[in-house]
Amino acid sequence: MSYQVTLIPGDGIGPELAEATRRVLDATGVALEWDVQQAGADQIDATGTPLPDAVLDSIRRNKVAIKGPITTPVGGGFRSVNVGLRKALNLYACLRPCKTYQGVQSRYEEVDVVVVRENTEDLYSGVEFDDGSEGAREMIRVIKQLEGTRIPESSALAIKFISPEASERIVRFAFDYARENGRKKVSAVHKANIMKYADGLFLEVARSVAAEYPEIEFNDVIVDNMMMQLVQKPELYDVLVCPNLYGDIVSDLCAGLVGGLGLAPGANYGEDTALFEPIHGSAPKYTGQNKANPMAMMFSGVLMLRHLGEMDAADRLDRALSETIAEGRNVTYDLLPMEERGRALGTSQVADALVERLRA
Ligand code: NAD
């Protein structure tokens with residue numbers, strides 16, 4: 001049986017990583033037919049949008065996609081293609097496993113944390129009003145009238161919203177993941193002491209869903225305390241379930257705990273569609289240099305193979321990556337101590353070594 005998979009190379013270092021990842025996924029022997037689709041700033045001239053309909057149509061058709069990172073302009077410019085994809089396809093759950101691998105330079109050992117992030121709501125969902133806009137003026141007027149706070153007229157606004165439906169869906173996803181993957185504990189991350197309504201609702205829903213999974217330990221941690229706890233004793237944590245913005249920040253911190261962004265994979269799940277991508281961005285300074293680490297995207301490929309039910313191929317690729325990291329010979333610069341970076345391999349040479357290992 002062959003699988004049709006949408007492949008979005010992305011921009012910056014994305015195309016180099018995507019090519020390396022495609023080669024190792026093919027080398028697992030799973031029959032993958034690649035439907036390559038382009039998204040990002042370069043598409044604007046040709047199609048008028050960084051996220052052409054053809055990309056969404058392809059993912060809706062194939063139900064499985066893997067992508068490289070895509071640059072988002074800071075401040076102005078177009079809205080994030082990554083956020084746009086998650087919204088358009090209702091990919092409500094983001095899964096980011098962060099685990100220490102033997103041989104990686106890290107201050108910590110034995111970290112094995114999975115961040116489950118709500119993907120569709122919260123301050124991160126892109127509902128904003130620009131400063132001086134009619135929308136901002138009207139919102140400021142209504143807030144004064146209904147809630148009493150006098151927001152400066154010159155402000156830009158971003159709206160945080162949390163619904164019980166989306167909260168229940170993500171917390172259930174986290175508990176189901178824990179149950180299916182032999183995990184022992186789920187921790188809900190929030191700031192309900194200050195955001196009593198929005199985060200309060202998330203926490204209330206989390207507590208009520210947790211009661212349905214008595215075999216899995218549950219606790220809740222305020223987000224600022226969570227950051228300190230993760231830095232001091234990450235081994236206490238297992239699955240973390242977070243609203244959108246905290247999930248974004250917590251998952252980069254967890255990636256840092258296990259040796260950096262070069263190894264941290266991600267998956268976005270909807271009802272019947274899944275999109276796999278590394279956590280890291282397009283690292284523009286390394287574009288075209290054959291330098292960036294392709295392993296985060298390859299580990300995202302491992303998650304994709306598991307999603308397809310190709311467990312044996314997923315295990316083989318996971319093992320090939322882990323062994324390569326542990327040996328420390330065929331790796332990119334970021335996995336080597338400063339004084340040894342002269343012997344680092346490039347992106348495509350790392351792929352060559354992995355292909356050889358998989359075919360041996
Ligand atoms: P980034 O992750 O691109 O890079 C931060 C630093 O991490 C890099 O300078 C580099 O030192 C290191 N790094 C990242 N990936 C690496 C890899 N594979 N191998 C080795 N080192 C790596 O973060 P940024 O600079 O904040 O963002 C750059 C652009 O990427 C922005 O436009 C941002 O919006 C976008 N972005 C996209 C996604 C996505 O497509 N899902 C995610 C995050 C950021």
Side-chain angles (χ1 to χ4, degrees), residues 1-10 14-40 51-70 81-82 84-97 114 116 119 173 176-177 180-181 263-279 294-322 324 347-348 350-352 354-360:
M1 171 177 174
S2 71
Y3 302 94
Q4 297 269 349
V5 175
T6 304
L7 173 65
I8 305 169
E16 302 159 58
L17 306 186
E19 174 58 15
T21 301
R22 189 188 59 70
R23 287 178 53 217
V24 298
L25 285 169
D26 284 340
T28 64
V30 174
L32 299 163
E33 285 181 35
W34 300 103
D35 182 359
V36 180
Q37 297 288 336
Q38 305 295 342
L51 179 53
D53 284 345
V55 180
L56 293 170
D57 291 344
S58 164
I59 302 175
R60 288 196 180 104
R61 200 169 50 242
N62 297 327
K63 313 256 183 262
V64 183
I66 184 163
K67 71 176 272 293
I70 297 176
V81 171
N82 309 301
L85 276 166
R86 292 170 203 155
K87 265 188 169 179
L89 300 165
N90 197 19
L91 301 172
Y92 65 85
C94 179
L95 184 82
R96 292 178 163 181
V114 178
V116 175
N119 242 354
F173 181 96
D176 286 342
Y177 177 88
E180 283 157 25
N181 291 277
L263 293 178
N268 301 282
Y269 297 98
E271 289 305 336
D272 64 352
T273 303
L275 171 76
F276 300 86
E277 61 179 337
I279 291 186
M295 289 181 167
M297 189 161 175
M298 292 172 177
F299 276 117
S300 307
V302 171
L303 297 175
M304 184 182 89
L305 290 172
R306 292 202 201 290
H307 174 75
L308 293 172
E310 294 289 345
M311 301 304 179
D312 176 59
D315 289 345
R316 278 186 288 115
L317 178 52
D318 195 35
R319 207 164 41 243
L321 285 161
S322 307
T324 303
T347 311
S348 62
V350 169
D352 292 343
L354 283 158
V355 167
E356 198 174 314
R357 189 183 281 268
L358 283 162
R359 295 215 166 120

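Residues: numbered from 1 along the sequence shown.
Interatomic distance, CE of Met297 versus OG1 of Thr21, reported as 4.5 Å (0.5 Å rounding). Once rounded to the nearest 0.5 Å, the distance linking CG of Leu91 with OG1 of Thr273 reads 6.5 Å. The distance from the CG atom of Leu95 to the CZ atom of Phe276 is 9.0 Å, given to the nearest 0.5 Å. Once rounded to the nearest 0.5 Å, the distance linking CG of Asp352 with CZ of Arg357 reads 13.5 Å. Rounded to the nearest 0.5 Å, atoms CD1 (Ile8) and CG (Leu51) are 7.5 Å apart. Distance check, rounded to the nearest 0.5 Å: CG of Asp272 to NZ of Lys63 gives 4.5 Å.
When every heavy atom of Leu85 is checked against every heavy atom of Lys67, the shortest pair comes out as CD1-CD, 3.8 Å. Across every non-hydrogen atom of Ala296 and Pro278, the tightest pair is CB-CB, 3.7 Å. The two residues Pro265 and Leu303 have their closest heavy-atom pair at CB-CD1, 4.1 Å. A pairwise comparison of heavy atoms in Ile70 and Ala39 identifies CD1-CB, 3.9 Å as the closest pair. Annotation for Val30 and Ala313: closest pair CG2-CB, 3.4 Å, computed over non-hydrogen atoms. Closest approach of Val5 to Ala65, counting heavy atoms only: CG1-CA, 4.3 Å.
For Tyr3, there are no ring-ring contact (aromatic ring centres under 6.0 Å, His included) partners at least two apart in sequence or on another chain. Residues satisfying the salt bridge (charged side-chain N to carboxylate O under 4.0 Å, His left out) test with Asp176, not counting sequence neighbours, are none. Qualifying salt bridge (charged side-chain N to carboxylate O under 4.0 Å, His left out) partners for Asp53, counting only residues two or more places apart in sequence or in other chains: none. Applying the side chain to side chain donor-acceptor pair (under 3.5 Å) rule to Ser348 yields the partners Asn290; only residues at least two apart in sequence or on another chain are considered. Here Ala20 pairs with Pro294, Met298, Thr347, Ala351 under the side chain to side chain contact (heavy atoms under 4.5 Å, CB included) rule; sequence neighbours left out. Evaluation of the salt bridge (charged side-chain N to carboxylate O under 4.0 Å, His left out) rule for Arg359 yields no partner, not counting sequence neighbours. Contacts of Asn268 classified as side chain to side chain donor-acceptor pair (under 3.5 Å), with partners at least two apart in sequence or in another chain: Asn119, Glu277. The side chain to side chain donor-acceptor pair (under 3.5 Å) test applied to Asp57 returns no partner, not counting sequence neighbours. Every residue two or more places apart in sequence or in another chain that forms a salt bridge (charged side-chain N to carboxylate O under 4.0 Å, His left out) with Glu19 is listed here: Arg22. With sequence neighbours left out, Ala54 forms a side chain to side chain contact (heavy atoms under 4.5 Å, CB included) with Gln37. Residues forming a side chain to side chain donor-acceptor pair (under 3.5 Å) with Thr6 (at least two apart in sequence, or on another chain): Ser58, Asn62.
Two residues are said to be in side-chain contact when any heavy atoms from C-beta on lie closer than 4.5 Å; Gln38 and Val55 fail this criterion.
Within the structure, salt bridge (charged side-chain N to carboxylate O under 4.0 Å, His left out) contacts touching residues 302-311 (residues at least two apart or in different chains) are Arg306-Asp315, Arg306-Asp318.
At most 12 heavy atoms of other shown residues, nucleotides or ligands fall within 6.0 angstrom of atom CD in Glu356.
Side-chain atoms of Arg316 come within 3.5 Å of backbone N or O of Thr28 as a donor-acceptor pair.
Each of Leu32, Val355, Leu358 was scored for a side-chain contact (heavy atoms from CB on, under 4.5 Å) with Asp26, with one residue passing: Leu32.
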